[in-house]
Amino acid sequence: MQLYNSMTRKKEEFKPIHEGKVGIYACGPTVYNYFHIGNARPFIVFDVLRRYFEYRGYQVTFVQNFTDIDDKMIRRAAEENTTVDEIAKRYIAEYYVDAKALDIRPATVHPRATEHIPQIIALIEKLIANGLAYESRGDVYYRVKAFPNYGCLCGQNLEDLESGARVNVDEQKEDPLDFALWKAQKPGEPAWESPWGMGRPGWHIECSAMSTTYLGDTFDIHCGGKDLLFPHHENEIAQTSGATGKPYVNYWLHNGFINIDNEKMSKSKGNFFTVRDIAKEFDLEAVRMFMLSAHYRSPINFSREMIEQAQSSLERLYTARDQLNFLAQGAQKREPNEAEGAFMAACDKSEADFNTAMDDDMNTADALAAIFELVREVHKLPLSSASEKAVAYGQQKLSALTAVLGLLNRKADGVSQDVQALVDERAQARANKDWKRSDELRDQIKAMGYTLEDTSAGQKVRKVV
RNA sequence: GCACAGGUGGCAGAGUGGUUGAAUGCAUGGGACUGCAAAUCUCAUUCACGAAAGUGACGCAUCAGUUCGAAUCUGAUCCUGUGCUCCA
């Protein structure tokens, strides 16, 4: 499998540290609000990455944190006249609600920053011992110029970074590039005991502490949004490698942004849609489909039209699944004939194409194309007397491939007895060529939430979403 | 200013040197199927001539170049987005 590594800026063959296993850390949300669809993108695409590794037989440890202490959390708590912990608990719960609705699987571990204060303090102490950090009036800062590799991820040298750095007159830093590892308590802020007095961790250090706690000093894959490349991930490298003396991460993966009117969607710009808002209007599976219809590193433009388009293509997948279920009802216990053999070969071809696409830096757009090739073959199968074996083969492939993308989760609902009674009555009316009655019944069935289609193998009933 | 992406058909979006293959999906139109539908299959959707089959031309931001051959490589230009500051 090839993965584009932001560190080297090329696609590289993925080689796990431990055969058959892969450790992934994904930067999670700061839990001070509902998450927006820009936040949802990494959750979805890296959920797919994890699913693909599992599909390929890897044992995956997937860690995604909750940032539950920072300026935004504190501000929010003050605004709502409650505690930071209360805000954290609330929006962590809300995260799980939205994640579930988007079919984002829970991570192996969801660590919270505030539950890893001892690990954070230990890491800072190590950095101080290594001469890479210093205390200054209760704050602790990272000594950027003492870490020779600083800038290795973002590809900028120290001079360029320096010219861009904001210089605060009041700073207690040795150098403008230095960043906070530990912040001394200000009045009214939550704080923890430390060797430097009461205070709280800086933003970057928490990810270093939590990732290494669960994945070891060096692990396989670290992912997150492109905007985290600098300074967040650059700082993580400096902190972790600086403390351990070992490489931190082998592959850095960064997803592109979601734009609104070709502008980055962000909380600070105010041009964002929360997942909660979108859910009022759309089936969230369509949002997932939309995200996967482009490569994860490309920017995508969000609009109502795009979600509707995704919804339509998603329906095509469901139609194929239902078609297979319909075929299964009338299937026979016999070996596949020649045409069905060709169908099974086409299934294999789709699967192979799907794997090739996913192996190429997780090209979900091409992977979807491979699934749609399979969909077409499904519809070409004769409607009656199919071979059970061939149908089951198609069902297995379709569900296996869509499951990797986290699609096709809607249940195939059975038909209730009252609907079935109408369907049976309509069959009788059609046999009598009573088209008027037949159409009435079709309308009635439709009003009950089902579509009814006539096929050469009888009536087909599907639940409408 | 420095750094990094990117500009592909009506829309979205793959493709990144080679047989007319611009995949796949969406949309629109024709045909098949149907009692009618729906779903599905199939063809078409750059321009010119033509009723049509067809013929010719152009074509993947623009211009120039490399090459027997370019959407794909090189250079320049224009444009867009992102990072350098909390942000997925």
Side-chain angles (χ1 to χ4, degrees), chain A residues 6 9 26-30 35-46 67 70-72 75 151 154-157 159-166 177 203 223-232 234 254-259 261-269 272 289-290 292-301 303 305-320 322-323 326 353 357 360 363-373 375-381 383 430 433-436 438-439 442-443 446 451-456 459-460 462 464:
Chain A
S6 303
R9 294 195 194 127
C27 285
T30 301
F35 65 88
H36 62 67
I37 63 160
N39 302 113
R41 190 174 190 190
F43 302 157
I44 290 170
V45 299
F46 298 125
T67 296
D70 83 331
D71 292 342
K72 296 186 291 283
R75 198 184 320 133
C154 66
Q156 301 205 46
N157 55 37
E159 292 79 59
D160 290 339
L161 289 169
E162 204 150 25
S163 68
R166 179 169 53 183
L177 286 178
W203 175 41
C223 38
K226 227 167 216 169
D227 51 351
L228 295 183
L229 229 139
F230 188 90
H232 187 55
E234 190 72 57
H254 291 97
N255 65 275
F257 292 116
I258 291 183
N259 299 327
D261 299 327
N262 289 314
E263 231 186 45
K264 181 184 166 184
M265 172 188 305
S266 71
K267 287 181 180 171
S268 56
K269 280 186 181 156
F272 64 92
M289 184 77 174
F290 163 71
L292 299 177
S293 67
H295 188 93
Y296 75 93
R297 282 189 287 113
S298 306
I300 44 175
N301 232 332
S303 71
E305 289 71 28
M306 289 302 100
I307 302 300
E308 281 165 1
Q309 190 169 302
Q311 179 75 52
S312 299
S313 41
L314 185 61
E315 285 315 310
R316 186 168 159 79
L317 292 183
Y318 274 107
T319 308
D322 293 347
Q323 179 77 355
F326 181 70
D353 288 348
D360 181 16
N363 191 335
T364 52
D366 260 356
L368 274 169
I371 292 177
F372 279 110
E373 304 276 8
V375 164
R376 185 183 305 122
E377 296 308 317
V378 166
H379 288 299
K380 283 183 179 174
L381 285 171
L383 285 170
R430 294 195 77 230
K433 295 201 190 297
D434 183 353
W435 307 129
K436 187 164 174 289
S438 166
D439 288 349
R442 186 163 62 194
D443 289 343
K446 191 178 178 185
T451 57
L452 190 147
E453 301 167 9
D454 294 318
T455 76
S456 58
Q459 301 180 92
K460 187 164 76 177
R462 303 177 60 212
V464 179

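Computation of the quantities below employed the complete heavy-atom set of this structure, encompassing side-chain atoms and omitting hydrogens, waters and symmetry-equivalent molecules. First the proteins, then the strands, lettered A, B, ... as listed; each starts at 1.
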[X], nearest nucleotide to its side chain (from [options]):
X	options	answer
A/His379	B/A88, B/U40, B/A23	B/U40
A/Thr319	B/A27, B/U40, B/A14	B/U40
A/Glu453	B/A23, B/A88, B/A37	B/A37
A/Lys226	B/U24, B/A5, B/U40	B/A5
A/Ala294	B/G25, B/A14, B/G35	B/A14
A/Ser312	B/A27, B/G15, B/A88	B/A27

Whole-Å distance separating the [atom1] atom of [X] from the [atom2] atom of [N]:
X	N	atom1	atom2	answer
A/Gln311	B/C11	CD	C1'	17 Å
A/Asn301	B/G7	CG	P	14 Å
A/Phe372	B/U40	CZ	C1'	14 Å
A/Asn259	B/G6	CG	C1'	11 Å
A/Asp353	B/G15	CG	C1'	14 Å
A/Glu234	B/C4	CD	P	14 Å
A/Gln323	B/A38	CD	P	17 Å
A/Met289	B/G13	CE	P	14 Å

When you measure from the side-chain N and O atoms of [X] to the phosphate of [N], is any distance below 4.0 Å, counting only OP1 and OP2?
X	N	answer
A/Ser298	B/A14	yes
A/Lys380	B/U42	yes
A/Arg376	B/U42	yes
A/Asn363	B/G15	yes

Describe the nucleic acid contact of [X] in one word from base, sugar-phosphate, nothing, applying a heavy-atom distance below 4.0 Å.
X	value
A/Arg442	base
A/Lys433	nothing
A/His295	sugar-phosphate
A/Arg316	sugar-phosphate
A/Ile258	base
A/Phe257	base
A/Leu228	sugar-phosphate
A/Ser293	sugar-phosphate
A/Glu305	nothing
A/Gly224	sugar-phosphate
A/Asp71	nothing

Quick one, [X] and [Y] - any side-chain contact, counting heavy atoms below 4.5 Å?
X	Y	answer
A/Leu381	A/Gln323	no
A/Asn39	A/Phe272	no
A/Asp454	A/Arg442	yes
A/His232	A/Cys27	yes
A/Tyr318	A/Arg462	yes
A/Phe372	A/Leu317	yes

Can you tell me how far [atom1] in [N] sits from the matching atom in [M], rounded to whole Å?
N	M	atom1	result
B/G25	B/C73	P	27 Å
B/U85	B/A76	P	29 Å
B/C4	B/G15	C1'	23 Å
B/A70	B/U20	P	13 Å
B/A22	B/C11	C1'	16 Å
B/U72	B/A14	C1'	13 Å
B/U62	B/U8	C1'	15 Å
B/A23	B/A71	C1'	14 Å

Quick one: does [X] reach the base of [N] with a side-chain donor-acceptor pair under 3.5 Å?
X	N	answer
A/Asp439	B/G35	yes
A/Ser438	B/G35	yes
A/Asp70	B/C86	no

Which residue, A/Ile307, A/Ile44, A/Ile258, forms the side-chain contact (heavy atoms from CB on, under 4.5 Å) with A/Ile37?
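Answer after filtering A/Ile307, A/Ile44, A/Ile258: A/Ile258.
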Taking a pair as Watson-Crick or G-U wobble with both distances under 3.5 Å, which nucleotide is matched to [N]?
N	result
B/A52	none
B/A39	none
B/U82	B/A3
B/C73	B/G65
B/U45	B/A27

Keeping the roles fixed (side chain from A/Thr67, backbone from A/Thr30), state whether a donor-acceptor pair exists under 3.5 Å.
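Absent.
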Which atom pair, heavy atoms only, marks the closest approach of A/Ala320 to A/His379?
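What the structure gives for the nearest pair is CA-NE2, 3.8 Å.
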Closest-nucleotide 5' rank along RNA chain B - winner of A/Leu452 and A/Gln309:
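Looking at RNA chain B, the more 5' nearest nucleotide goes with A/Gln309.
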I want to confirm an ordering. Mapping A/Pro29 and A/Lys436 to their closest nucleotides on RNA chain B, which one lands closer to the 5' end?
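Its nearest nucleotide being more 5', the pick is A/Lys436.
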Between atom CD of A/Gln311 and atom CE of A/Met306, what is the distance when rounded to the nearest 0.5 Å?
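Result: 13.5 Å between the selected atoms.
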